[in-house]
Amino acid sequence: MNQAPAPAAAAPRPWTRRHLLSLEGVCAAEMQRVFAEAERCLPLVMAPGRKFDDLAGHCVANIFFEDSTRTRNSFTRAAQLLSADVIQVSGEGSSTSKGETEIDTARNIEAMGVDALVVRHSSAGVPRNIADHVRCGVVNAGDGRHEHPTQGLLDIFTLQRHFGPDLAGRRIAIVGDIINSRVVRSNIFGLRTLGAQVIVAGPPALAPASLGALGVEVSHDLDAVLPLVDVVMMLRVQFERLAGQSIASTHEYRDGYALTERRTRLLPEHAVVMHPGPINRGLELDSEVADGPRSVILRQVTHGVAIRMAVLKLIIAG
Amino acid sequence: MNQAPAPAAAAPRPWTRRHLLSLEGVCAAEMQRVFAEAERCLPLVMAPGRKFDDLAGHCVANIFFEDSTRTRNSFTRAAQLLSADVIQVSGEGSSTSKGETEIDTARNIEAMGVDALVVRHSSAGVPRNIADHVRCGVVNAGDGRHEHPTQGLLDIFTLQRHFGPDLAGRRIAIVGDIINSRVVRSNIFGLRTLGAQVIVAGPPALAPASLGALGVEVSHDLDAVLPLVDVVMMLRVQFERLAGQSIASTHEYRDGYALTERRTRLLPEHAVVMHPGPINRGLELDSEVADGPRSVILRQVTHGVAIRMAVLKLIIAG
Amino acid sequence: MNQAPAPAAAAPRPWTRRHLLSLEGVCAAEMQRVFAEAERCLPLVMAPGRKFDDLAGHCVANIFFEDSTRTRNSFTRAAQLLSADVIQVSGEGSSTSKGETEIDTARNIEAMGVDALVVRHSSAGVPRNIADHVRCGVVNAGDGRHEHPTQGLLDIFTLQRHFGPDLAGRRIAIVGDIINSRVVRSNIFGLRTLGAQVIVAGPPALAPASLGALGVEVSHDLDAVLPLVDVVMMLRVQFERLAGQSIASTHEYRDGYALTERRTRLLPEHAVVMHPGPINRGLELDSEVADGPRSVILRQVTHGVAIRMAVLKLIIAG
């Protein structure tokens with residue numbers, strides 16, 4: 001296993017990126033800059049009634065070619081708490097359904113006086129492609145199987161707030177449909193940069209040994225992994241993507257890879273449970289665990305707004 | 001007929017509810033508290049150009065598992081006039097269409113720094129169920145055939161503003177598909193608490209005698225009822241819900257229960273006509289009546305924004 | 001050809017209209033009033049970070065019975081930059097899908113404390129019809145084949161900013177599906193009022209000689225027109241509307257009426273290229289032209305927000 005020798009407790013440094021398209025290539029100091037800003041923002045999310053005016057008069061456009069209530073609303077709330085306006089563009093009913101290219105849609109929205117485009121698309125690379133054709137900032141809100149960098153940041157921020165800022169040597173298991181997950185990829189890049197160790201676990205079809213090239217350990221034996229980790233991050237089983245792949249049955253999947261209450265007893269006492277949502281209760285994660293004392297799942301959601309506030313502020317005004 | 005002996009002109013009292021899920025169980029003093037607050041809010045709705053900042057920095061989420069342009073926009077406008085931000089969550093395209101439970105959706109939205117959830121659902125009890133699982137306030141914006149408390153409040157507020165604050169002894173006829181109507185139930189609970197008498201009228205399949213258990217008079221003879229009432233509230237005929245029920249035909253329904261211009265002549269001179277909208281013109285209500293001098297229908301809409309301002313303010317900041 | 005003898009450089013005059021439903025009948029001085037206001041607004045669109053508070057506390061409702069991401073967002077951004085709130089009403093999922101009339105929808109939204117209704121509909125005349133039944137202002141955002149006045153104004157504003165305020169004698173070619181285009185009609189009325197000459201070009205089925213009645217020249221030979229004009233405005237080919245009409249094939253259409261890079265060489269050196277969007281790249285307009293030095297297409301988008309700010313301000317507060 002080839003762990004990154006990154007300076008885990010790097011000091012924040014000035015933000016120079018115009019876009020946030022991936023966590024691959026983002027250094028520890030840049031992440032700490034985001035986390036420092038998110039710390040400042042978090043109290044506003046946790047106790048509503050105040051706003052910052054950092055982005056007053058500015059406008060964020062959520063361009064979601066692929067729909068997502070959760071991520072879209074998280075970015076919307078983040079923009080609101082910075083006093084920015086928001087424009088919502090969805091794939092359905094939008095000009096792209098009339099044959100317009102994604103780049104034309106983005107350039108048109110930019111031309112309306114918009115400072116940042118938050119872009120989700122079912123195909124990898126669309127946010128990057130858009131970023132190459134606009135002057136304003138672009139935040140990747142999930143592109144195909146590529147990356148979902150703000151999800152990676154919010155997951156890592158949640159771990160830092162739970163375990164302390166230095167994650168070097170911490171071990172995180174990510175469980176489920178690894179090969180198709182943009183959330184996994186962003187977490188792997190971010191966590192390794194901060195010196196943490198990532199173990200991915202799932203059935204061979206969804207967690208092939210080739211993933212080792214990303215610098216992670218690959219396991220098909222979740223029960224053997226659980227006693228070794230500080231964190232277990234469960235992924236949503238996405239049936240729509242699994243069609244035709246080699247999972248014999250839901251029952252067999254649960255047998256091997258669901259986080260049941262029984263299985264959580266294999267975890268060290270201090271270990272926490274994460275899930276990016278939405279949860280399939282009773283499938284990859286049992287309700288007793290999702291709502292239990294180890295779960296930091298709702299904290300992930302709250303932290304997500306703070307992280308997106310930080311990213312929007314740094315992209316637009318930083 | 002078993003009319004409630006409620007203190008109709010009760011003084012307002014401090015608001016202590018975290019949620020507004022029904023009018024059943026809400027006492028007269030609580031309703032008067034809402035109405036007093038709505039009186040303060042109403043001028044802003046009637047003459048745009050000013051806002052209150054009561055809820056600045058706060059956020060209201062409209063979670064509409066069942067769609068409704070009218071109610072959703074009324075709550076949105078109410079939140080805007082109190083300087084609150086709004087997040088829109090719809091059933092379609094939302095995480096629930098991916099199998100997430102309603103409670104998870106609600107808890108996730110709450111975790112984004114939201115102060116009140118306005119919830120509509122096609123099933124009775126969902127807002128109550130959500131309220132049991134969140135810390136923030138929940139307003140029922142209509143759940144199945146159960147209740148639609150802000151509609152009840154806005155209807156009663158409209159009557160108070162028209163007839164004066166004391167509704168004791170006033171007689172209100174509600175006409176149409178009584179058995180399936182959440183609007184009716186909220187009106188019955190609210191009106192009876194204030195000492196008014198409710199007569200429900202409709203074909204036996206839609207207004208069965210068993211409704212008498214709610215403390216109302218049941219009639220199948222609208223022409224006999226009209227001369228006796230101060231108010232006639234027409235309900236929308238909801239064809240989608242009527243499938244398979246025993247209404248012989250639209251023609252027959254109109255014969256018995258439509259409020260035609262001819263039929264309004266049976267009303268006392270001072271009586272007014274209400275409708276919660278959207279109207280089926282020419283079906284349950286003729287255009288001459290809907291747009292005529294007795295109609296207070298658009299006033300109901302305006303009062304609805306003031307009532308929702310009052311409720312949001314009391315729930316969040318009251 | 002019967003060109004209008006209008007005073008092209010008329011001074012702005014006080015605004016007295018409650019609605020903007022068409023450019024037919026709008027005089028030069030009124031247009032100049034809009035343009036003067038748009039000049040004041042434009043810097044806010046071009047360099048985000050500031051807002052005007054002209055419409056603070058006011059509310060604009062976008063009522064789009066026919067969907068349009070682009071126009072809806074342009075009006076939304078315009079309202080935001082004037083500090084107005086916005087309510088979104090779409091045809092789908094709205095009360096009209098329950099059988100409510102457009103007028104009832106509009107009157108209900110107005111009754112919620114809304115100052116201006118921005119209305120798009122697939123049928124000509126609906127905004128006019130609504131305007132006849134409400135007290136607040138109505139802006140036509142495109143109705144059937146009738147008009148799209150703010151598109152006409154933004155196109156003309158773009159030409160004024162490029163060529164100077166006096167457009168008298170300027171020649172504008174509009175190319176494509178003329179007969180079905182509301183954009184063309186608004187441009188013709190506005191441009192002729194300012195003394196410009198309009199030549200429409202397209203296949204006979206889409207640009208019949210009868211269009212001459214609007215005071216424009218009609219041509220079926222684009223190559224002959226191009227050397228004579230200052231501006232060529234390409235229209236979107238709307239396949240959904242062309243079904244059954246006499247265009248032999250896309251290939252034949254391109255042969256005669258696409259603006260290819262080769263064909264732009266026929267234009268005078270100073271001529272500019274416009275398109276209302278969304279573009280069918282490679283159909284009516286080649287990418288080399290859309291993104292080339294003659295294109296003012298994205299400027300049209302930016303100017304659109306400024307024009308809509310001006311119109312909303314004049315309608316509500318002017």
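The chains referred to below are lettered A, B, ... by the order of the sequence lines, with proteins before strands, and numbering in each begins at 1.
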Least distance between heavy atoms, A:Gly113 atom then C:Arg77 atom = O-NE, 3.0 Å
Should A:Asp104 and C:Arg70 count as an ion pair when the cut-off is N to O under 4.0 Å?
-> no
Has the side chain of C:Gln80 got a donor or acceptor atom that lies under 3.5 Å from a matching backbone atom of A:Val86?
-> yes
What residue in C:Ala78, C:Pro48, C:Gly277 has the most heavy-atom pairs under 4.5 Å with chain A?
-> C:Pro48
Using the side chain to side chain contact (heavy atoms under 4.5 Å, CB included) rule, take C:Val45 and A:Met112 through it: C-alpha gap first, then chi angles, then the decisive distance, then the call.
-> CA-CA 6 Å; C:Val45 190; A:Met112 291 179 193; 5.6 Å; no
Residues of residues 151-159 of chain C contacting chain A, heavy-atom criterion under 4.5 Å, by residue number = none
Can you say whether C:Arg299 sits under 4.5 Å from chain A via the side chain, the backbone, both, or neither, judging by heavy atoms?
-> neither
CG-OG1 distance between C:Asn73 and A:Thr105, expressed to the nearest 0.5 angstrom = 10.5 Å
Contact class of A:Gln88 relative to chain C, heavy atoms under 4.5 angstrom = backbone
Spatial distance of atom CD1 (A:Ile109) from atom OG1 (C:Thr69) [nearest 0.5 Å] | 7.0 Å
Euclidean distance, C:Leu81 CG relative to A:Asp85 CG, rounded to 0.5 Å = 7.0 Å
Applying side-chain contact (heavy atoms from CB on, under 4.5 Å) to A:Ala47 and not counting sequence neighbours gives none
Residues 302-318 of chain A: residues contacting chain C (heavy atom under 4.5 Å, by number) = none
For the side chain of A:Arg107 and the backbone of C:Leu298, is there at least one donor-acceptor N/O pair under 3.5 Å apart?
-> no
Measuring from C:Arg281:CZ to A:Ile103:CD1, what's the distance to the nearest 0.5 Å?
-> 8.0 Å
Can you sort out the partners of A:His121 under ring-ring contact (aromatic ring centres under 6.0 Å, His included), two or more places apart, ordered by chain and number?
-> A:Phe65
